[in-house]
Each structure stands twice: as structure tokens, then as C-alpha cells.
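So that we are looking at the same thing, I have put the structure below in C-alpha cells.
What you see below is based on every heavy atom in this structure, not just the backbone, and it leaves out hydrogens, waters and symmetry mates. A, B, ... follow the sequence lines: proteins, then strands. Residue 1 opens every chain. The structure presented is a predicted model; accordingly, all values stated were derived computationally and were not measured.
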Amino acid sequence: MEAIVFFIFSGLVLSGALGVVLFRHPVYSALSLVAAMISVAVLFLQQDADLVAIVQIVVYASAITVLFLFVIMLLGVDKREERDTSFKSARIVAVLLGILMLVGLGTIAGRELSAGTAPQTHPLTAPATDGVAPADEGNVEALAKVLFTDYIWAVEAVSVMLVIAVVGSVVLARRSRSGVARSSGEALA
Amino acid sequence: MTPLLGAVKITTEYYLAVGALMFTIGAVGLLIRRNTLIMFMCVELMLNAVNLTFVAFAKRLNDAHGQAIVFFTLVVAAAEVAVGLAIIVAIFRRRQGVTADDVDLLKG
């Protein structure tokens with residue numbers, strides 16, 4: 001059963017990823033990105049990552065993709081990419097580089113993994129004690145313990161970074177009224 | 001399904017292989033597409049492949065730290081998309097296009 005689910009959804013992940021790259025129309029690319037993200041969420045679920053799978057669907061497959069689609073609708077579809085023919089040799093080089101990268105990653109992934117030697121301070125699931133049912137601690141509790149003890153400063157820093165990102169994107173995308181305030185936009189383009 | 005397919009034992013290496021393939025597709029897509037929006041989607045694919053690898057190792061080592069890192073990757077990806085799309089909108093205002101070849105002011 002696990003194997004069947006794995007093969008179906010990893011096939012969906014890879015075809016979705018190929019669709020992102022190969023579709024001409026950006027809207028189709030965004031929709032196949034959704035397919036890939038949801039399939040990755042299923043693969044997360046298979047590996048006891050319940051909370052991460054839900055967050056993947058909420059953040060990636062919903063929020064980020066809606067943002068992409070919104071910007072595509074806002075800007076319209078750029079047709080110029082298809083007319084560009086001076087790019088063929090660069091494509092061949094890119095595909096060769098990709099094959100090289102795949103060989104390297106495959107070598108690393110195919111190596112025999114050593115058994116888990118990490119200190120088991122925060123196991124994913126609480127072990128059964130004395131043959132009784134496992135302690136009433138799920139994936140969410142285990143993750144929350146790690147996030148709010150070991151990574152508490154990282155969580156705070158990330159929240160500050162999110163605020164900076166929100167303010168920064170508002171400043172970047174703002175349409176300035178006078179010509180004086182355009183200097184920051186000109187430096188970009 | 002066929003009993004042959006169902007009999008396969010799915011180990012960590014299978015998930016690592018899917019992650020590696022996904023990462024490579026994203027990287028090649030980033031190089032061969034010129035539409036900045038699709039380049040962004042390819043970056044998202046690469047980040048997701050790394051997340052899959054993290055979760056696979058978290059399961060393998062039975063350690064919740066791997067899944068905690070995925071959260072930070074998710075947050076950084078969300079912030080990156082917000083800022084990146086704002087930059088694309090700002091470029092579009094001036095150039096009327098979202099092709100990466102338009103932005104070549106730093107070309108040597």
C-alpha cells in the first residue's frame with residue numbers, strides 16, 4: 001500500500017515539476033505547480049510529517065500559488081519568450097548541467113545511509129512505555145516542543161523577517177504619485 | 001495494483017531520489033526559461049525538493065529537528081515570493097514585460 005501511494009504521488013510530483021518547466025503558458029505552469037505541491041504534501045503525510053503536510057497545502061499550494069496567479073493576471077502573459085531563438089545553445093548547456101547535477105545528487109542519495117546516530121532528544125513519536133499504549137504525544141506536540149525550545153530565537157528572527165518582507169514588498173510595489181519618489185524604482189529597472 | 005509494485009519496500013533512498021529529480025528539474029527550468037514568473041516557480045520547486053529531503057531524513061533518524069527546519073524554509077519561501085513578485089511588478093511598470101533578458105543593466 002505504501003509503495004503504491006508512493007509511486008502514484010511521486011509520479012504526480014515529477015510530472016507536475018516537468019509541467020512547470022515545459023508549459024508555454026504561465027497559468028498552466030502555476031496550476032501544475034499546485035499539483036506538484038499537493039503531491040509533495042501526500043509524500044510528507046506518508047513520512048509522519050502531519051503538520052508539515054497541512055502547512056504545505058495551506059502556504060504553498062494555496063497562498064503562494066494564488067499570489068503567482070494574481071500577478072500573472074495583473075501583468076498579462078508575455079509572448080516575447082517564444083520568439084526568442086538565440087537561446088537554443090544555452091538550453092543545451094542547461095540540460096547538460098542538469099544531467100551532471102542529477103548524477104551528483106544521485107550518487108549522494110544512493111550511498112548507503114548510516115543508521116540513525118543522532119542523539120534522540122526529540123523523537124518524532126513518543127516510544128511506547130512499558131508495553132502500554134504510546135504516550136499521548138503526536139507530531140504537532142513534538143514539533144512544537146522543538147520549535148519553542150531549541151529554535152525559539154530562530155522563530156523570533158523569522159517573525160521579524162516576515163514583517164520586513166511585508167513592508168519591503170509594499171514599498172517596492174507601491175505606485176508613486178510624483179516623479180520625486182521614483183528614484184528607488186529607477187534603480188531597480 | 002500489481003503485486004510486484006506493492007511488494008517494493010519504500011526506503012529513505014526513494015524519497016531522496018524524488019527530491020533529487022525535483023531539484024534538478026527546478027534548476028534546469030530556472031536556466032532554460034526566460035519568463036521571470038516561471039523562474040520563480042522553479043525556485044519554489046527547488047525549495048520544495050529540499051523540504052522533501054529534510055522530511056525524509058527526519059523520518060529516517062526519528063528526529064523532529066528535520067521537520068522544524070522545514071518550517072523555516074517555508075517561511076523564507078513565502079517572504080521570498082512576496083518580495084520577488086513585488087520586484088517583478090516594479091520592473092513590469094517600467095519595461096512592460098517580465099522577460100529576464102530585459103534586465104541586463106549589469107551585463108559586462
Side-chain angles (χ1 to χ4, degrees), chain A residues 2-4 6-7 10 13-14 17-18 20-21 26 29-30 33 37 40 43-44 47-49 52 55 59 64 67-68 71-72 75 78 80-81 84 91 94-95 98 101-102 105-106 109-110 113 116 118 122-124 142-143 146-147 151 154 158 161-162 165-166 168-169 172-173 185 188-189, chain B residues 1 5-6 8 10 12-18 20-29 31-35 37-38 41-42 44-45 48 52 55-56 58-65 67-68 70-72 74-75 78-79 81-83 85-92 94-95 97-99:
Chain A
E2 195 200 352
I4 293 166
F6 171 81
F7 283 117
S10 56
V13 166
L14 295 180
L18 280 177
V20 171
V21 177
S29 290
L33 188 67
M37 300 292 181
V40 168
L43 293 186
F44 283 170
Q47 293 180 294
D48 300 339
V52 173
V55 171
V59 174
I64 288 182
L67 209 57
F68 269 119
V71 171
I72 292 169
L75 301 187
D78 199 357
R80 256 184 315 163
E81 189 186 12
D84 192 5
R91 280 187 188 186
V95 170
M101 177 186 263
L102 194 60
L105 288 177
L113 296 169
H122 294 283
L124 275 181
L143 212 46
V146 172
L147 274 180
Y151 291 108
V158 149
M161 188 203 70
L162 272 182
V166 168
S169 55
L172 278 173
L188 263 173
Chain B
M1 279 283 188
L5 204 62
V8 179
I10 300 299
T12 311
E13 285 86 352
Y14 285 78
Y15 291 99
L16 295 184
V18 173
L21 273 169
M22 199 178 166
F23 190 90
T24 310
I25 291 171
V28 172
L31 291 174
I32 69 174
R33 294 306 296 261
R34 295 288 87 190
N35 189 328
L37 283 165
I38 293 178
M41 292 180 206
C42 291
E44 297 304 313
L45 274 182
N48 234 303
L52 187 59
V55 169
K59 167 81 172 161
R60 166 96 183 188
L61 301 174
N62 192 20
D63 195 343
H65 284 84
Q67 294 186 7
V70 172
F71 267 90
F72 295 116
L74 273 166
V75 174
V81 166
V83 174
L85 289 178
I87 290 176
I88 289 176
V89 169
I91 291 175
F92 183 82
R94 301 189 57 81
R95 300 287 169 132
V98 289
T99 305

| field | Which portion of A/Val20 sits near chain B, non-hydrogen atoms under 4.5 angstrom | value |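 For A/Val20, the contact with chain B is made by backbone and side chain together.
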| request: Determine, step by step, whether A/Leu75 and B/Ile88 satisfy the side-chain contact (heavy atoms from CB on, under 4.5 Å) criterion, reporting the C-alpha distance in whole Å, the side-chain angles of both residues, the deciding distance to 0.1 Å, and the verdict. | output: CA-CA 9 Å; A/Leu75 301 187; B/Ile88 289 176; 3.7 Å; yes
| request: Could you grab the distance from atom CG of A/Leu33 to atom CG of B/Asn48, nearest 0.5 Å is fine? | output: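 Separation between the atoms: 8.0 Å.
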| task | Kindly say whether the aromatic ring centers of A/Tyr151 and B/Phe72 come within a distance under 6.0 Å. | result |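 Between A/Tyr151 and B/Phe72, the centre distance is under 6.0 Å.
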| said: Would you say that B/Leu37 contacts A/Ile72 through its side chain, given a criterion of any heavy-atom pair below 4.5 Å between the two side chains? | reply: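 Yes; the side chains approach each other to less than 4.5 Å.
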| query | Is chain B contacted by the side chain of A/Leu14, its backbone, both, or neither, given a heavy-atom distance below 4.5 Å? | reply |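 For A/Leu14, heavy atoms of backbone and side chain both lie under 4.5 Å from chain B.
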| field | For A/Ile64 against B/Ala78, the heavy-atom pair lying closest together | value |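 Where A/Ile64 meets B/Ala78 most closely, the heavy atoms are CD1-CA, 4.0 Å.
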| field | Residue among A/Val95, A/Val13, A/Leu102 with most heavy-atom pairs under 4.5 Å to chain B | value |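 Sorted descending by pairs with chain B, the first entry is A/Leu102.
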| message | Using heavy-atom distances under 4.5 Å, tell me whether A/Leu43 contacts chain B through its side chain, its backbone, both, or neither. | response |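 Contact with chain B: backbone and side chain both.
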| field | Shortest non-hydrogen contact between B/Ala64 and A/Ala142, atoms and distance | value |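 Residues B/Ala64 and A/Ala142, closest heavy atoms: CB-O, 4.2 Å.
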| Given that the side chain runs from C-beta out, which part of B/Ala79 has a heavy atom under 4.5 Å from chain A: side chain, backbone, both or neither? |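 Both the backbone and the side chain of B/Ala79 come within 4.5 Å of chain A.
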| Nearest-0.5 Å distance that lies between atom CE in B/Met22 and atom CG in A/Leu105 |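 Those atoms lie 13.5 Å apart.
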| query | Where is the tightest heavy-atom contact between A/Glu2 and B/Ile10, given as atom of each residue plus distance? | reply |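 A/Glu2 and B/Ile10 have their closest heavy atoms at OE2-CB, 4.0 Å.
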| Would you call A/Gln47 and B/Leu52 a side-chain contact if the rule is heavy atoms closer than 4.5 Å? |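 SC-SC contact between A/Gln47 and B/Leu52 confirmed.
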| Which atom pair, heavy atoms only, marks the closest approach of A/Met37 to B/Glu44? |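 Taking every non-hydrogen atom into account, CE-CB, 4.1 Å.
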| message | Quick check: closest heavy atoms across B/Val55 and A/Phe44, and the distance to 0.1 Å? | response |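 Looking at all heavy atoms of both residues, the closest pair is CG2-CE2, 3.7 Å.
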| query | Using non-hydrogen atoms only, which part of B/Val70 is less than 4.5 Å away from chain A: side chain, backbone, both, or neither? | reply |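 When you check distances to chain A, only side chain atoms of B/Val70 fall under 4.5 Å.
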| What closest approach, in Å, do B/Ala68 and A/Leu143 show between heavy atoms, and which atom pair accounts for it? |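 Heavy atoms only, the tightest pair is N-CD1, 3.7 Å.
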| Which bit of A/Phe6 comes within less than 4.5 Å of chain B, counting heavy atoms only: side chain, backbone, both or neither? |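 The side chain, not the backbone.
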